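Written out below as structure tokens is the structure these notes cover.
Here is the naming used below: chain letters follow the sequence lines, and residue numbers restart at 1 for every chain. In this text the structure is predicted, and so the values were computed from the model without any measurement.
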Amino acid sequence: MAFSSAKSARRDRRAPRLKFRDERIFYYVALGPTAVVIAFVIALPIIYTFGLGFFVQNTLIRTWRFVGLSNYIDLLTDADFWFAFWNGIVFTVGSTAVATVFGLAIAILLDCNFRGRGPLRALVIFPYIVPSIVVAFIWKFIFSGRGILNDFLGFIGAQAVSVPWLGDQRFAMMAVVLISAWTWFPFAAITLLAAIQNVPDSIYEAAALDGAGPAKRFIHLTLPLLAPALMVVVLIRAIWAFRNYDMIWLLTEGGPIGATEVLPIMAYKEAFGLFRMGHASAVSVSLMVFVTLLAAVHFRVGARLRKAYDTS
Amino acid sequence: MVQVVFNSVGKDFGRDAVLRDIEFEVPAGRFVALIGPSGCGKSTLLRMIAGLEHIDYGEIYIDGKAVNDLAPKDRDVAMVFQNYALYPHMTVAENMLFTLRMARRTRAESNDRMWEAARILGLESLLDRYPRHLSGGQRQRVAMGRAIVRNPKVFLFDEPLSNLDAKLRVQMRAEIKRLHQRLGTTMIFVTHDQVEAMTMAEQVVILREGRVEQVGTPLELYDRPTNIFVAGFIGSPTMNLIGGTFEQDRGRLCFVPRNGTPIPVPPGTLPGASKVGPGRECFLGIRPEHISLPGLDPNSDGGGSFGEISAEVVLVEVTGLDTHIVASAPDGEITILIRGRFDTAAGDRLSFRLNFSAAHVFDAETGERLD
């Protein structure tokens with residue numbers, strides 16, 4: 001009996017090892033094709049772009065010449081690069097700030113109990129789901145020289161300030177920022193609404209009994225308790241805004257006279273306008289460095305905030 | 001002096017009335033428990049005192065002033081929530097100081113009050129911790145500290161012990177009671193646990209389906225429940241309710257259980273029995289400790305106020321201190337509580353003595369007490 005039980009114990013011990021080996025093979029088979037696809041679609045282009053930055057290469061005449069870091073040195077001494085970089089900062093900070101503040105206001109509104117809240121919540125999503133091309137056409141129409149906005153300004157007797165908003169060097173960036181914020185605020189609103197609804201009502205009730213009115217509850221409770229969600233919204237938006245290409249291209253193509261030209265548009269123009277692939281790669285790589293830095297901040301700050309403001 | 005007065009208070013949620021005609025008074029400094037089954041409206045009533053729910057009908061007076069239209073902060077009440085509702089991003093000290101900051105007290109005064117509360121509740125070593133670093137009992141104490149620093153007219157507790165484990169609950173029960181003795185402030189305490197209500201409160205208000213069933217001291221409720229609901233709700237194990245009628249049998253008043261043999265009622269006991277006409281359905285209510293075994297209970301031999309029944313033991317539960325015997329009576333089962341140990345087993349047939357002088361009679365139709 002003792003022998004047989006020892007034998008069965010040995011069999012038991014062996015069984016999971018066999019199973020484990022089976023599972024490992026299964027994992028390789030299941031994940032392998034995806035890994036290969038990712039390598040080709042994501043890793044290879046990135047490596048290729050990095051490499052391309054060290055060459056002068058013209059897609060038309062197909063010549064390759066190794067130039068070391070000179071593409072990067074050119075860039076860092078190019079006023080247009082720094083101008084596009086600065087534009088990127090203005091666009092990022094502007095559209096993130098507007099979208100977040102407006103999104104927060106809408107989130108607070110949607111958290112209140114009122115008739116028609118359901119339809120309004122559905123309506124708020126609208127700007128987020130409309131394709132960029134449609135958004136761009138709608139707003140181009142509104143902001144054009146003879147658009148609705150100027151009609152309205154004329155109606156209220158302010159013709160003096162009517163300009164072709166997207167075509168005026170002074171206002172183009174502001175208009176692009178506002179339009180971009182309009183497409184993004186639903187994300188902020190929905191994310192922040194979820195965070196607001198995550199805070200137990202009893203905390204607000206306790207504060208009301210503790211003598212805090214609505215404004216003080218907002219400052220002392222809502223804002224600090226939303227800090228982790230706000231940080232997520234701001235950083236994700238900042239990362240997306242800094243590498244935004246489609247909306248700006250559709251609205252202004254970076255114009256007028258470079259007023260709204262940001263790094264992705266510069267890279268596009270270098271590559272497919274001037275066919276300077278080496279330069280375009282150098283712009284792309286520097287863009288990637290900035291965005292990676294933002295993402296690193298996002299993960300570090302996000303983790304710290306989540307820990308600090310754990311409501312459980 | 002009366003501190004809180006409820007004058008025909010009512011509330012509707014949509015078309016449903018959750019509270020109707022609530023009328024009672026809480027004297028100053030009293031510890032009052034609001035008790036009732038889930039959904040009876042006890043928490044809603046508490047929240048109406050706090051100003052967190054609108055008072056649809058009637059008035060609530062605090063310290064002689066109608067508070068219907070006052071904001072929560074202007075009612076001078078403090079509340080301890082079921083989930084404690086501590087501010088998660090503030091330390092223990094900041095949690096307690098928040099209300100004083102809102103009231104624009106000086107820093108010195110605020111700190112004095114905060115330290116005083118911390119000392120009373122033994123929180124001195126936890127002041128710079130965040131709520132997430134505290135145990136359930138510690139959070140509970142911080143929630144009380146936050147209430148104490150304000151020195152309010154009325155303390156409200158909304159099932160504050162329900163999130164604690166059994167041992168801690170007993171400990172916090174004593175702590176809250178000590179706190180009440182020390183501060184002498186009016187406290188209104190909501191609970192669904194009748195043991196909590198009985199052990200802590202000086203006055204108990206029983207609610208059912210939005211109505212007050214009975215108001216009284218814990219022993220009044222225990223000894224003279226006004227209806228079957230109160231009789232069944234207060235006391236553990238619960239009161240035995242035996243359905244039957246009162247009949248005259250050869251000139252003697254007898255209680256005739258459904259499907260059972262008549263039990264003679266000793267003269268001078270059960271004053272309610274005389275009000276019940278012959279043949280009218282009623283319930284005889286008798287607490288488990290008022291049923292005894294002949295010869296076992298020293299009190300059961302004196303006097304002639306006992307009725308006797310014979311029943312078969314179905315279940316025996318031993319707590320160590322007491323023995324609970326469940327036996328099959330003519331109309332359902334009855335529970336008997338024996339102080340100390342008693343050796344018996346399911347299937348045994350025993351003779352039990354019902355102490356009629358401690359029994360109650362309830363009308364079967366209305367459920368009201370008869371006497």
Side-chain angles (χ1 to χ4, degrees), chain A residues 100 104 107-108 111-118 191-235 300-312, chain B residues 43 46-53 67 70-91 94-105 110 130-134 136 139 142-150 152-156 158-160 163:
Chain A
T100 309
L104 179 61
I108 290 168
D111 186 48
C112 301
N113 237 335
F114 59 89
R115 199 180 267 268
R117 184 169 70 152
T191 310
L192 295 174
L193 178 63
I196 288 175
Q197 292 182 338
N198 219 4
V199 178
D201 284 346
S202 57
I203 288 184
Y204 288 107
E205 292 173 349
L209 280 161
D210 273 348
K216 283 188 171 159
R217 290 203 290 272
F218 179 75
I219 292 166
H220 294 290
L221 295 179
T222 309
L223 277 186
L225 291 173
L226 285 189
L230 273 170
M231 204 37 86
V232 167
V233 166
V234 165
L235 284 167
R300 290 207 63 151
V301 175
R304 199 175 303 164
L305 275 178
R306 267 192 299 281
K307 211 172 153 192
Y309 290 92
D310 181 11
T311 47
S312 62
Chain B
S43 282
L46 194 80
R47 292 168 57 82
M48 283 160 82
I49 307 170
L52 301 173
E53 297 282 353
V67 295
L70 286 186
K73 66 186 171 78
D74 300 322
R75 297 188 180 198
D76 204 4
V77 298
M79 183 155 163
V80 176
F81 290 81
Q82 186 172 7
N83 63 357
Y84 319 129
L86 300 179
Y87 309 128
H89 57 300
M90 297 185 195
T91 62
E94 286 164 347
N95 261 283
M96 291 199 278
L97 287 169
F98 184 73
T99 181
L100 302 170
R101 261 171 73 199
M102 293 298 113
R104 294 179 184 279
R105 306 275 181 178
S110 301
Y130 285 91
R132 63 180 177 279
H133 296 136
L134 304 178
R139 288 180 198 195
V142 177
M144 291 201 288
R146 202 169 58 176
I148 291 177
V149 290
R150 294 181 45 195
K153 285 200 189 100
V154 182
F155 277 106
L156 306 173
D158 188 6
E159 305 210 20
N163 285 353

Shortest non-hydrogen separation from [X] to [Y] and the atoms involved:
X	Y	result
A:H220	B:H89	O-NE2, 2.8 Å
B:M102	A:A212	SD-CB, 3.7 Å
B:F81	A:S202	CD2-CB, 3.8 Å
B:R146	A:A206	NH2-CB, 3.5 Å

Open item on the list: Quick check on B:K153: does its NZ atom have over 12 non-hydrogen neighbours (other residues, nucleotides or ligands) under 6.0 Å away?
Closed with: yes

Task: Chi angles and distances behind the side chain to side chain contact (heavy atoms under 4.5 Å, CB included) call for A:E205, B:M79 - done: CA-CA 9 Å; A:E205 292 173 349; B:M79 183 155 163; 5.9 Å; no

- [ ] Check for a donor-acceptor pair, side chain of B:R150 on one end and backbone N or O of A:L209 on the other, with a separation under 3.5 Å.
- [x] yes

- [ ] Would you mind reporting whether A:I203 and B:P88 have side-chain heavy atoms less than 4.5 Å apart?
- [x] yes

Task: Contacting region of B:A50 [heavy-atom separation from chain A under 4.5 Å] - done: both

Open item on the list: Is B:R101 in contact with chain A via its backbone, its side chain, both, or neither, using a 4.5 Å heavy-atom distance?
Closed with: side chain

TODO: May I ask you to name which of B:L52, B:L86, B:V77, B:D158 has the most heavy-atom pairs under 4.5 Å with chain A?
DONE: B:L52

